[in-house]
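Working notes, beginning with the structure itself.
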Protein chains: 2
Amino acid sequence: MRDIATATGVSRSTVSRILNDAPLTVPIAARTRERVLAAARDVGYRPNPFARALHGAPTMLLGAIVRDITDPFFAGAIEAVSAEARTLGYNIVLGHAHAEATEAYALAAMLEARQCDAILLLGDMGDQPRLLDDLRDTHVPVVALWQGSELDLIPGVSVDNRSGIATAIGHLSALGHRRIAFIGGRLLGDIRERQAAYTEAMADLLGEVPPGYIQHVANKPGDGEAALRALMRLSPRPTAIVASTDVLAIGVLRGALVLGIRVPEELSVVGFDDIPMATFTVPALTTVRMPMAKMAAAAIAMAVGVTGRTVGDGASDVRHHGAEDGAHERANEGGDVVPRGRALARLFRPELVVRQSTGAAPVEHNPAARHRRPESHNGASPRDRSA
Amino acid sequence: MRDIATATGVSRSTVSRILNDAPLTVPIAARTRERVLAAARDVGYRPNPFARALHGAPTMLLGAIVRDITDPFFAGAIEAVSAEARTLGYNIVLGHAHAEATEAYALAAMLEARQCDAILLLGDMGDQPRLLDDLRDTHVPVVALWQGSELDLIPGVSVDNRSGIATAIGHLSALGHRRIAFIGGRLLGDIRERQAAYTEAMADLLGEVPPGYIQHVANKPGDGEAALRALMRLSPRPTAIVASTDVLAIGVLRGALVLGIRVPEELSVVGFDDIPMATFTVPALTTVRMPMAKMAAAAIAMAVGVTGRTVGDGASDVRHHGAEDGAHERANEGGDVVPRGRALARLFRPELVVRQSTGAAPVEHNPAARHRRPESHNGASPRDRSA
DNA sequence: CTGAAAGCGCTAACAC
DNA sequence: GTGTTAGCGCTTTCAG
C-alpha cells in the first residue's frame, strides 16, 4: 500500500480511505480516487488482513468445531455452513473435538485473541466439558448447531426432533404399525430428544414402550445392524424401526438383508437426517430431512449478527454489501425462536421424506393389508422418486 | 502484554523474550522469568497472532481447497489432513472449489497476503483453470493431494494408481476372471491413471479391452448403478467390475441387488479408496486402500517443510517435541519420490483389502470352480473380517 | 479534500 | 541480563 501511495504521489491515509470506500467522514476526490484505484490494480494490491485485525477489524474467520467430519451428516452440515459463510465473506477454520487431549488445544488455537469472529459448534459437545468451559471464558460469540437439549447455556439452532420423530411415527402408525422400536445413536443431546419423542408417541400408540424396544448403540452402521439383531430376538418382534440417524438405519437395512428380512414387507425402517446415501440404500430409505441451508444461515446469523448496515461505533465496518441482504432474508426465514434453558434457540421443523423402506405393517389375519399402502398421512411431505 | 510488563516492572522486550522461550541470543534471568510467567498466567495472556503475523511469523494456518467434502473419500482425507496439521500446530481453513464463480473468491480470501502459510489442494482441480492460475501467481507453497497426473506443475503426493489397479486386477485374474470391466468416475486425473492402468492390465490379460467395458459416469452411487446396467447389457457380460472409486462400487452393488445379480457368485466387484462405508455394504466391498495418514503427513511436510515448529501459546511455555518428532518420522516414511511433469511428487503404494465382494469367476464348464476361493494372491494384503 | 502522526500488539535489532 | 527504539501494514484522529 505504501508503494501505491508513493506511486501516485498521494499519502497513505488517502489511499486507505479510497480503498475502503469510506465516504462517511469526507467526500473523496473524484480524480485522485481513480488514480489510486488504478495503481492499486496494477500493483495487485491485497490488504493485509492482519494489519486490519490489529485494529479490531473482524477477521472474517469462523471457527467450526465438529465432532466427526467423517459422519456423512456432519460432512453435509459443514458444506452448508461453509457455503453460507462464504456468501458473507467468512472463511471456516476447522477444529475437531475428537481426542480428549486435543480438544482444549484445537480450541485454544482457534481462540487465541479473537482469531475467529465467532465459533460454531456442530453437534453435541456434552462429553467435552473442558471445551465448553474454555468456550465459556471467551468473549467470542459461540453458537451451537444440533447441540441437543442438554447444554442450555449456548444459544444455537436445532432441529425440532420431537416433531420429526412424531411425524415419522405418525407415518408408520398410518401404515398400520404399532410395534415400533427405536435405535438411538450419536449425540447425547439429539438422541435424548428423539428418544423422548419416541417414548411419548409410543405412549399414545401402545400405552407404553415394550421392553427391549429401545436400543442404544454407537452411531455406526455396524452398530445399527447389531441393534437390529437384538430387536429381532425379541418377542413380539417390532414391525417397524425408527433409527435416530440414517447411519444407523443403513446398518439396519444391511442387517435385514443379511438376515433375510424383507424391507418393507416384513419390516419398515425410518431414518433421520437424509444423508446423501439415504437415496442409495436398498430399498431407498424413508427418513426425516431438515432444512440444512436455512439452519446454517440462521446459525451464522446468530454468530456474527446479521448486521445489515451496522454502524455500532461509526467505524469503518461497512464492507460487504450485496450478499448480506440475501443472507439476511435467508437467516430470518423459518425457525421458531424458543427458550432453551438459559439461552435461546431457533428450532427448525424437519419434514418426512417417504421412500421405499416403509410400507404397510404385516398383519397376520388380514394379508390384504399389505396392499393398502396409503400415501403419507402428511400431505406436506415430499415424495422422493429416486430409485 | 504491556500489562504484564508494567505489572512486573519489566520491559516488553524482556517479556516477549521470556514468553517466546528465546534462549538463542541471550541467557534469561531465572527469577525475572518466573515472575513474568506467573504474571502472564494471571492475566490469562494470549499472544495476538496478528501482531505476530505482521512480523512475517507464520500464521499457522493451512488452506485446504476441496472439491466436495460430501464425498466420503474427501471427508476422510480432510480428517487425516487436519489431524496431522494439528500435531504440527496448524489449523485448517476450508475452501470449496464447487462453483465456477466462487472459486476465485475462496482462493482470494484465503491467500490475501499470505493469510495461509501454505495451500493444500485435495483432489484434481484440472477443471478449475482460474483457480490454478491464481495459485500460480502466489508465493505461498501449494501442494496437491490426488491431483492426478494432468497437472504436473504442482508438487504433491498421490496414490500409485497403477499399482492399485494392477493389484486389483491381479486379484481378480487369480480368481479366474478375464472379462473385467471398468467404471470411471470423479476426477479427471485419477480416473485417467486408473483407467490407463486398467487398459494396460487388460492388454496383458485379454489382449484388449472388449468394447463397452469402460464406462464413464459421475462419481455418485446412482451413476455406478447406471453403469452396471449398461455393462449387463453387453455380451459377453463382464464377470468382474473394477470401479474407480468406492462410491461407484457401492452403486454397483446396489444395482446388482436390484437386478438380482449375486455378488460375488455371478459378479465380482472391486472398489478404490476404502471409505468407511465399504465395510458395510452387502457384501462387504473388496477395495484398494491407501495410507491416508502417511499421505497427509507427507503433503503437509512438503507444504510447510518439516520445520519442527513450536506449538502452543508462549505463556504456558509448552513445546511439543513428541508430536513433532513423530510427525517428522511419519512424513518421511514411505512414498517414492518420482518426477511428475515439471514438479516432484511423492507416490504412495496402496494395498488391496479383500472382503466379500470378490470371488471365483463363474465358469460354465466347471461349476466346482465356485468353491475354489483362493486366498488373495497377494500375501501382503490385509484380510478384513468385518461383517 | 488531503497529509502528518500516532498507534494496534508484538518482535528484533541494537544498545546499556 | 534487560531496556530502547524501531518498525510490520494498516486505520484514524487531528490538522492543514
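All of these numbers come straight from a predicted model, not from anything done at the bench.
- Remark: the A:His55 side chain and the C:dG9 base include no donor-acceptor N/O pair separated by less than 3.5 Å.
- The structure places OG1 of A:Thr14 at 10.0 Å from CZ of A:Arg35, a figure rounded to the nearest 0.5 Å.
- Spacing between atom CZ of B:Arg46 and atom P of C:dC10 amounts to 12 Å, rounded to whole angstrom units.
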*Where does DNA chain C pair, written as one dot-bracket string 5' to 3', with Watson-Crick or G-U pairs under 3.5 Å, ( ) inside the strand, [ ] for crossing pairs and | for another strand?*
|||||||||||.||||
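- Taking atom CZ on B:Arg52 and atom C1' on C:dC10, their separation rounds to 8 Å, with Å as the unit.
- Straight-line distance from the CG atom of A:Asp3 to the P atom of D:dG9: 9 Å, rounded to whole Å.
- Rounded to whole Å, the P atom of C:dC10 lies 26 Å from the corresponding atom of D:dG1.
- Counting distance only, with no hydrogens placed and no angle test, the side-chain atoms of B:Thr32 and the base atoms of D:dT2 include no donor-acceptor pair under 3.5 Å.
- Remark: the separation of the P atoms in C:dG9 and D:dT2 is 25 Å, to the nearest Å.
- Rounded to a whole Å, the CZ atom of B:Phe50 is 14 Å from the P atom of D:dT11.
- Taking only distance into account, the side chain of A:Ser13 meets the base of C:dA4 through a donor-acceptor pair shorter than 3.5 Å.
- Atom CZ in B:Arg17 sits about 12 Å away from atom P in C:dA13, given to the nearest Å.
- What separates CZ of B:Arg12 from P of D:dG7 is a distance of 15 Å, to the nearest Å.
- In this structure, the nucleotide among C:dC10, D:dT11, C:dG9 sitting nearest to the side chain of B:Leu54 is C:dG9.
- Taking 4.5 Å as the limit, every side-chain heavy atom of B:Pro49 sits out of range of all side-chain heavy atoms of B:Met60.
- Side-chain atoms of A:Gln147 come within 3.5 Å of backbone atoms of A:Ile154 as a donor-acceptor pair (strictly under, hydrogens ignored).
- Side-chain contact check for A:Arg52 versus A:Asn20: some heavy-atom pair is nearer than 4.5 Å.
- Across D:dT11, C:dG3, C:dA12, the shortest atom-to-atom separation from the side chain of A:Asn20 is found for D:dT11.
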